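Below, each value reflects all heavy atoms present in this structure, side chains not excepted, and no hydrogens, waters or symmetry copies. Ligands are counted one by one from 1 in listed order, and the atoms in each one are counted from 1 as well. Here the structure is a predicted model, which means the values were calculated and not measured.
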Amino acid sequence: MSDCLFCKMANGEINPDVVYEDDKILAFRDINPKAPVHILVIPKLHITTLNELDNTNLAGLLLKTVVQLAIQENISESGYRTIINCNSDGGQEVYHLHLHLLGGKKIIAPLA
Ligand code: AMP
Ligand code: ZN
C-alpha cells in the first residue's frame, strides 16, 4: 500500500533501525520505545490488522521471529511481553499488522 508507513519500511523507502530482515519479515526498533527493548515485527506483505491474518504459516514465522529476537536481545530468560493491538479499542495506531516485543525491565502497565 503506497501510503502505509510500514510498507514504506518494508520496501526500503524509509529506513528504520532494522534488527532483523528476511524475504517475508522485517523487525525494527520502535521510534518511541516503552521499554529498554521495544521492537516491532512486521510482515513485508501489507496486512491491515490481525483480523486479516489468514496465513497460519506467516503467523508462526512472526511469532518465531519474536522469540529469536528475544534471544538476540538477551531478554528471553529475564522475560518479555509481546502485544498485537487490533483496531481502535485495541489501541492500533499504524494499520499494518505488527507485533510489539517489549522487555529489559518489568513490564507492568499495558502498552496503551
Ligand atoms: P500500535 O499502537 O500498536 O499501532 O503501535 C504503533 C507503533 O509504531 C508505536 O509504538 C509507535 O511508536 C511506532 N512507530 C510509529 N512510527 C514509527 C517509525 N517511523 N519508526 C518506528 N516505530 C514507529
Ligand atoms: Zn502496509
What are the two closest heavy atoms between Leu97 and Pro43, and how far apart are they?
O-CD, 3.2 Å

Does some non-hydrogen atom of Tyr95 fall short of 4.0 Å from ligand 1?
no

Give me the atom names and distance for the closest heavy-atom approach of Tyr95 to Ser88.
OH-N, 3.5 Å

Taking His46 for the side chain and Phe6 for the main chain, is one N or O donor matched with an acceptor at less than 3.5 Å?
no

Restricting to N, O or S atoms of His46, which is nearest to the Zn ion (ligand 2)?
ND1

Has ligand 1 got any nitrogen or oxygen that is less than 3.5 angstrom from a nitrogen or oxygen of His98?
yes

Mark the output for Pro16 as yes if a heavy-atom distance to ligand 1 is under 4.0 Å, and as no if none is.
no

Ligand 1 to Arg29, heavy atom cutoff 4.0 Å, flagged ligand atoms 21 (C)

Does any non-hydrogen side-chain atom of Glu52 lie less than 4.5 Å from one of Leu50?
no

Given that the side chain starts at C-beta and the backbone is N, CA, C, O, which of these parts of Leu5 lies under 4.0 Å from ligand 1, counting heavy atoms, or is it both or neither?
side chain

Look at the aromatic rings of His38 and His100 and report parallel, tilted or perpendicular, splitting at 30° and 60°.
tilted

If I consider every N, O or S atom in His96, which one ends up closest to the Zn ion (ligand 2)? I only need its name.
ND1

Would you say the side chain of Ile47 lies within less than 4.5 Å of the side chain of Leu58, judging by non-hydrogen atoms?
yes

In degrees, rounded to 10 degrees, what angle do Cys7 atom SG and Cys4 atom SG make at the Zn ion (ligand 2)?
120°

Going by the order shown, which atoms of ligand 1 are within less than 4.0 Å of some heavy atom of Phe6?
8 (O)

